[in-house]
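The structure appears below as structure tokens.
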Amino acid sequence: MLEQLLIFTRGGLILWTCKELGNALKGSPIDALIRSCLLEERSADAAFNYDAPGAAAYTLKWTFHNELGLVFVAVYQRILHLLYVDELLSVVRREFSQIYDPKHTGYDEFDEIFRQLRKEAEARAEEMRKLKHVGKAATVSGRKEGQTAGQKGGQQGRRTQRNSGSNGSGNDEDDSDSERRRGFVNNISIGTENGIKESRALSAVKGKENGPPDTGAFDVSKLQKLRAKGGKKADSTAANKASTKEPKKLVKKNRVWDEDLPSESKLDFTDPVDERGDGIVEVVAADQGESMMDKEENSGSEDEDDEEMEGAKPNAKKKGWFASMFQNISGNAVLGKSDLQPALKTLKDRLMTKNVAEEIAEKLCESIAASLEGKKLGSFTRVASTVQAAMEEALLRILTPKRSVDILRDVHAAKEQGKPYVIVFVGVNGVGKSTNLAKVAYWLLQHRVSVMLAACDTFRSGAVEQLRTHARRLQIPIFEKGYEKDPAIVAKEAIQEAIRNTSDVVLVDTAGRMQDNEPLMRALSKLINLNNPDLVLFVGEALVGNDAVDQLSKFNQKLADLSTVPTARLIDGILLTKFDTIDDKVGAALSMVYISGAPIMFVGCGQSYTDLKKLNVKSVVKTLLK
Amino acid sequence: MEQWVYHIKQQVSQIEQWIRQQPADQLYIAIAAVVIASALLILFRTFNRSKANSIILAGLSGSGKTILFYQLRDGSAHHGTVTSMEPNDDTFLLHSEVEKKGKIKPVRVVDVPGHSRLRSKLDEFLPHAAGLIFVVDALDFLPNCRAVAEYLYDILTKAIIVKKKIPVLILCNKTDKVTAHSKEFIRKQLEKEIDKLRTSRTAISSADVSSEYTLGVSGEAFSFSQCHNKLSIAEASGITGEISQAEQFIREHVKL
């Protein structure tokens, strides 16, 4: 049963809700839908799942009427897999757009229309389901049976299912009909493929009362086969779980490349550990000038590009004017899916040549199609320019951070509360965590914030020395415990040390790890859960292609799954590195922001201390669409 | 086709003859009249265009702007609202003044979405603003205090607001609820937060500051009276319709 169906404008006013379904929705699913789905350019998704506090799990489906600026949303409980929702939404959209008037704000007459539509949709869905089930029974008589039952159902609707009416032979039939229907409902609420198959088989079994006996026998054997299949499926998933448990027991052995190399003599010449790391070599404090974070973006080159574009635009406009003038006269200016397809395809290809992940480009194009379909073309504009404008707006919206990226403000807030601001740098191998950590430390130092480094990369040889050198050059304290120690414990002690020596910020460096490596991700999750940092910064390189999607989604998923608290700490921000190596293939920025929802807080654009910038959203969007 | 062309040519030649027949003075006067009329039209248009005549409703997402918009226009909140995805822009007579006699000018009110991803829409409407109402959720104020202060700070330091001295009304909404904070409390909290923001934002150098203007007097604690543009604070309740103070503000600042 539908929980609720709402119609509202894009400006936010609710035009109509169904008064019959009077259930008040728990939590605020509509607001969550808008914030995390429609405004995030995921409007082409099939459905949105919302978990209200209070154990109500809803699924939401929606559709747009782009010309009038209306949104239609249907909410239902997730355990019921209602099949008629999509159809119902499109029918409601059609009917409502006929009575819609921008001046009116109350549409009570729609109640009656909606009741009618809902009945019809439910009835149609019943029919479809019955036809499907009976079709599988593969007997002519069985089909006839199902069809008459379906017709009966269609006439009377779900509400009158108790009074299924005589099908010809009295009480037996009634019981079997209603039992079948109950069986259907139960199985659909379980919602597995197996369930539906079983119910189909069950109905066929029950139907054997009416059909010839040999078909009954056939179906029983089919039922057993299906049961076996279902059992196999369950077994395979259990096997997967078992197999993933296996590797945990194996201990990681040192890799031996050659039999001859002596494994005893350790080539570890690490200096003996001392807390502050001062002393042996006198190093001049690094002062390379102002960090690029604080410099204005020079917009000189951008102006030149603008002028060139403006020269090209009038030419393009002239051609478009002639072609579309005829179109406008002929009156055929409503955008349909087929009109949008070519323009969207070229746009998607252009995005992919700019190194945007394929999945992301696809989703974005679908979302733009959903928001433009049915809209009337403005006068003297071509389809391509409308699509371009919509894409530009969407990209601007995605890349604009949804929360403040003002780290200095957060640092000051933490300082007032008397605790250090902890930033953890995570990422896969070789993206530049340690280098950019030093850059961030340099920038913070320039704003008179006291920084402390924590060397929690206890795996890679030379990692601790690297941080020690940076600390010496920047003249800041570093907390280290050498190699082969548990990073979570090292981080915990580092934070305690920071409280003792009143450092404002603690920058925690971790070892690089692949997103598929289960034990390492578990260790990372332990570090984050134990220390509860203020900012989890994912370091990603701009050279990455489609793997960006996989990296970020798996990192977030592992952090969520292995978290000990209900509100898991996910990735809060992204640091994009090696930005100077890509000329205009800036797509990785878009992929990362889209898939994780986290804003890009820093951009690393070189290998010295000053090479740290803020993301210039407008220039990235311009580069992506050039 | 050719017949039409021939006809048109005939008409044109007839008109030419008629014009030549008129005395020269009349012709010159006619031309001068046309030129003056068109010049006046153009002047009027440019004047009207740059005339600032709209009131902007801004604030965080969920503070009650859309409800306020519909209260001002229709006097009721209808069936409720959800998070706005697009601005609501309409020109109307304030609902409470529909019965008033005399010439009342309709007011253009723009409700800009508060969601952080849609903040840039505010800049589109600021050039025409005669006043800005900043709506604050008085009920849920303390958890969002920092975000409110940041948004308010951003607005108050925008170049257009400072140059044109656009008056700002801080409207504490949802005051019908018992646990809503009073406007004095909100004012003090906001002043404190903006003071902190001032120091941290000016510490960041030029690239981060989106405008060249800073608020208040350096060295002193910030207070709203230090702003060059008029800043006032009032209370309202969108759901019950208690919006008289907002309407007063609108009437003051949109010239009748």
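Letters A, B, ... mirror the listed sequences (proteins, then strands); counts begin at 1. Quick note: numbers below take in every heavy atom, side chains included, and nothing from hydrogens, waters or symmetry partners.
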Which one, A/Asp31, A/Thr9, A/Ile30, A/Thr400, leads in non-hydrogen pairs under 4.5 Å with chain B?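 Max contact count across the listed options: A/Asp31.
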
Please determine whether side chain to side chain donor-acceptor pair (under 3.5 Å) holds for the pair A/Arg397 and B/Ser120, giving the CA-CA distance in whole Å, both sets of side-chain angles, and the decisive distance to 0.1 Å. CA-CA 9 Å; A/Arg397 207 164 45 208; B/Ser120 46; over 6 Å; no

Residue pair A/Leu399 / B/Arg117, side-chain heavy-atom distance below 4.5 Å: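 With C-beta onward as the side chain, the pair stays apart.
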
By a 4.5 Å heavy-atom criterion (distance strictly below it), what part of B/Arg119 contacts chain A: side chain, backbone, both, or neither?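 It is neither, since no heavy atom gets under 4.5 Å.
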
With a 4.5 angstrom heavy-atom cut-off, could you sort out which part of B/Ile67 is near chain A: side chain, backbone, both or neither?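 Looking at B/Ile67, nothing touches chain A.
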
Of all the heavy-atom pairs spanning A/Gly11 and B/Ser84, show the shortest one and how long it is.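 Closest heavy-atom pair between A/Gly11 and B/Ser84: O-OG, 2.7 Å.
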
Minimum heavy-atom separation for A/Arg35 and B/Ser61, please, with both atom names.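 Answer, listing the atom of A/Arg35 first, then B/Ser61: NH2-OG, 3.2 Å.
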
List for me each residue that meets side chain to side chain donor-acceptor pair (under 3.5 Å) alongside B/Thr240, sequence neighbours excluded, and say none if there are none.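 Listed in chain order: B/Ser237.
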
Could you state the interatomic distance from [atom1] ([X]) to [atom2] ([Y]), rounded to the nearest 0.5 Å?
X: B/Thr83; Y: A/Phe8; atom1: OG1; atom2: CZ; answer: 8.5 Å
X: A/Leu13; Y: B/Thr66; atom1: CG; atom2: OG1; answer: 8.5 Å
X: A/Leu396; Y: B/Leu118; atom1: CG; atom2: CG; answer: 11.5 Å

Could you tell me which residues satisfy ring-ring contact (aromatic ring centres under 6.0 Å, His included) with B/His115, sequence neighbours excluded, listed by chain and number?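 Result, ring-ring contact (aromatic ring centres under 6.0 Å, His included) vs B/His115: none returned.
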
Which atoms of A/Val411 come close to chain B, meaning under 4.5 Å heavy atom to heavy atom: side chain ones, backbone ones, both, or neither?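 No part of it gets close to chain B.
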
Please check if atom CD in B/Gln3 has more than 12 non-hydrogen atoms from other residues, nucleotides or ligands closer than 6.0 Å.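 For B/Gln3, atom CD is not crowded (no more than 12 foreign heavy atoms under 6.0 Å).
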
